[in-house]
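Report on one structure; see the data block that follows.
The chains referred to below are lettered A, B, ... by the order of the sequence lines, with proteins before strands, and numbering in each begins at 1.
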Number of protein chains: 2
Amino acid sequence: MSAKHSQLAGTLTDEILSGRYQAGDRLPSERELAVRFNVNRGAVREAMSRLSQLGVADVQPGGARVAPINEASLDIIGHMLASTQVPDAQLLGQIFQVVERLLSMAAEALVERGRATDIEAVRARVLQLLDSRLDSEAHAAARIEMMRTIMITSGNLVCQLIAHGLFKQFAPTLEAVKPYVQLDVEQFNRLARRLDGALATRDRRTVREVFDDFSELHNRTLTPAIEAAVRQSVRPSESITRQNPGPSSRRSPGANVDPSDNLAPRSRDTEVAAS
Amino acid sequence: MSAKHSQLAGTLTDEILSGRYQAGDRLPSERELAVRFNVNRGAVREAMSRLSQLGVADVQPGGARVAPINEASLDIIGHMLASTQVPDAQLLGQIFQVVERLLSMAAEALVERGRATDIEAVRARVLQLLDSRLDSEAHAAARIEMMRTIMITSGNLVCQLIAHGLFKQFAPTLEAVKPYVQLDVEQFNRLARRLDGALATRDRRTVREVFDDFSELHNRTLTPAIEAAVRQSVRPSESITRQNPGPSSRRSPGANVDPSDNLAPRSRDTEVAAS
DNA sequence: AGGACCATTTTGGTCCTACCAAATTGGTCG
DNA sequence: CGACCAATTTGGTAGGACCAAAATGGTCCT
């Protein structure tokens, strides 16, 4: 579905991220890639441009070389999460950890220097999260909305950008794991109440403590959820909901490369054989 | 010096970030931009691609629209810092705050789950920072090296990517402000000693306290430095060190647009008149 | 031999032209 | 007034030609 250059960029990014190339290695030339993937060189160039801006390759006249991973852009996280069938628990945990820290920072800034109206706005989100009788879906959405509100009202642009960028990237993964999460609502609500009180009294120390506890709770929630997802070991995105096979004229699932055009290197055996 | 598309992307990014366009506004068409800036449409396309990947514009068939700022990539920070002559103190403060939080997180993870050898490596950096008799330049470099070591040994990739990305962007600004910073070395060393002790005993609570204090110290250091820079109100990058005028055949300073080609919109008066 | 130097080849960078598909636009008809 | 449809605008793709910088491999001097 997506354009050629986009697919190519994805393929190359995955190959680099998977460690097929060592940092410093020369990438095949644009012209060679063009013939190998049977696309126009322009498409290759756009893909290389993406790699360059992603920070996974350093492309210069004379040749392109792969860059060390830790110098890449934050946007590679999405690729890393998507490359493995079951999300990497460790990476996901790191993301959560960072988000929660930034969230804590934003909330602390809010209670220290924020306007009263902003604090009230956040409190409204927190209480709304508490009072209503929500199903887990709505509860999750409300949680996210609360986080968003905290980020925005904090006024810290850097914080917002990072959080938004991270969220955008792990949202699909989260969606895939969601069926397996079982949040301890009781404890969560206890924390939410504490947060509300801390916000009302502008008690920074307690705010921080609450977010530390949030982090711990999330970790305890996430780990078994991922384990459950691993046990099932199903393809996250579509294969869960797909129940009606549809007409026989259908092409391949779409998440993978269309077999009609050979954007993948020639005759690379599919690693996950149909069983 | 830089390529046309790069200049164009910078110009457009700055115009969008400066609020000249509202979020949701339509950007001029590629063909129109091509004639306005007297460049090939291909160059315009590359610039638009950059804007798109930067998250400041949403470009689709039918037209490109500017995106809300808070949905942009983290990489716009560099533009925002560079667009104003004197760095924005508030934004710089936010960056520092975030970095210090992430640093604290990394250090805490290190003392909680890190290997002994890694902790020793960080301690070495801290002590090296303490013992030697360094000038402020070397001291700053050693501080950065310490932070880098903490980030790397922590093993949190997300943390590393954010920190590296932020640092890469505010490094030039930091360089510009550096002449004006006067670090309270005595207090800093006191904190460093505390950090060393906390690392040795794997005392997570103290580690966090130390980084909170670091944050506070940096804030107290940064604010007057920026104020001093504002007072001087000099162009950060080159004009400070340039003392020998060079041959008369020289072109314009290079940071600005070459007068021979009109990449800037026609006859736009320079906003900062020479005084 | 070993190292410095230089011409050739390779490689990415730019430009141009033409054409395609999707979105927008503006008119037209019910 | 609203739904629908065609013409236009807009971004997307393709292919080719050429340029400049880097890498390469040979040559010459020491």
Side-chain angles (χ1 to χ4, degrees), chain A residues 1-13 15-16 21-67 251 254 257-258 260-263, chain B residues 1-13 15-16 21-67 251 254 257-258 260-263:
Chain A
M1 199 55 150
S2 63
K4 290 185 181 179
H5 67 87
S6 182
Q7 272 193 33
L8 219 188
T11 301
L12 292 176
T13 303
E15 294 210 347
I16 293 175
Y21 296 94
Q22 288 290 338
D25 281 359
R26 288 191 62 145
L27 239 43
S29 74
E30 295 184 353
R31 289 174 177 84
E32 183 180 342
L33 288 173
V35 301
R36 267 216 286 188
F37 290 92
N38 192 29
V39 295
N40 190 297
R41 186 179 156 222
V44 177
R45 296 209 83 252
E46 293 190 63
M48 297 300 274
S49 162
R50 174 114 185 93
L51 293 197
S52 174
Q53 293 191 225
L54 225 48
V56 297
D58 181 34
V59 38
Q60 284 179 350
R65 297 180 175 278
V66 329
R251 318 286 287 276
V257 179
D258 191 323
S260 65
D261 51 4
N262 46 357
L263 257 183
Chain B
M1 199 53 153
S2 65
K4 289 185 181 178
H5 66 87
S6 182
Q7 274 193 31
L8 219 189
T11 301
L12 291 177
T13 303
E15 293 209 347
I16 292 176
Y21 296 94
Q22 288 290 339
D25 282 359
R26 288 192 60 145
L27 238 42
S29 75
E30 295 183 353
R31 290 174 176 85
E32 183 181 341
L33 287 173
V35 301
R36 268 217 284 188
F37 290 91
N38 192 29
V39 295
N40 190 298
R41 186 178 154 224
V44 177
R45 296 208 85 252
E46 292 190 63
M48 297 300 274
S49 163
R50 174 115 184 92
L51 292 197
S52 174
Q53 293 191 226
L54 225 49
V56 298
D58 181 34
V59 38
Q60 283 180 350
R65 298 179 175 278
V66 328
R251 317 287 285 276
V257 179
D258 191 324
S260 64
D261 49 6
N262 46 357
L263 256 185

Could you tell me how far apart B:Leu33 (CG) and D:dT10 (C1') are, to the nearest whole angstrom?
12 Å
Between atom CG in A:Asp58 and atom P in C:dG12, what is the gap in whole Å?
12 Å
Would you classify A:Gly42 as touching base, sugar-phosphate or nothing, given that sugar-phosphate means primed atoms plus P, OP1 and OP2, and contacts are heavy atoms under 4.0 Å?
nothing
Can you spot which of A:Ile16, A:Asp58, A:Val66 makes a side chain to side chain contact (heavy atoms under 4.5 Å, CB included) with A:Leu51?
A:Ile16
May I have the distance from A:Leu8 (atom CG) to D:dT13 (atom P), rounded to whole angstrom?
12 Å
Looking at D:dG16, does its base get a donor-acceptor pair with the side chain of A:Arg41 below 3.5 Å?
no
Should B:Asn40 be listed as having a side-chain N or O under 4.0 Å from OP1 or OP2 of C:dT14?
no
If you define the side chain from C-beta out and look only at heavy atoms, does anything of B:Ser49 sit under 4.5 Å from A:Glu46?
no
For A:Arg65 and D:dA22, what is the distance between atoms CZ and P respectively, to the nearest whole Å?
13 Å
Reported CE-to-CG distance for the pair B:Met48 and B:Leu27, which is rounded to 0.5 angstrom
5.0 Å
Protein-nucleotide distance (A:His5, atom NE2; D:dA14, atom P), rounded to Å:
9 Å
Separation of A:Glu46 atom CD from C:dT14 atom P, in whole Å?
14 Å
Using modelled atom types and a 3.5 Å cut-off, is there a donor and acceptor pairing between side-chain atoms of B:Thr11 and backbone atoms of B:Gln7?
yes
Point-to-point distance, once rounded to the nearest 0.5 Å, from CZ of A:Arg50 to NE2 of A:His5:
10.0 Å
DNA chain C: B:Arg31 or B:Ala43, which has the more 5' nearest nucleotide?
B:Ala43
What's the CD-C1' distance between A:Gln7 and D:dT13, to the nearest Å?
15 Å
What is the base-pairing partner of D:dT30, counting Watson-Crick and G-U wobble geometry with both distances under 3.5 Å?
C:dA1
Gap between atoms NZ and C1', on B:Lys4 and C:dC16 respectively (whole Å)
12 Å
Polar side-chain contact A:Arg45-C:dG12 base: donor and acceptor under 3.5 Å:
no
Answer with base, sugar-phosphate or nothing: what part of the nucleic acid does B:Arg26 contact at a heavy-atom distance below 4.0 Å?
sugar-phosphate
Out of C:dG12, D:dG11, C:dT14, which has the shortest distance to the side chain of B:Glu30?
D:dG11
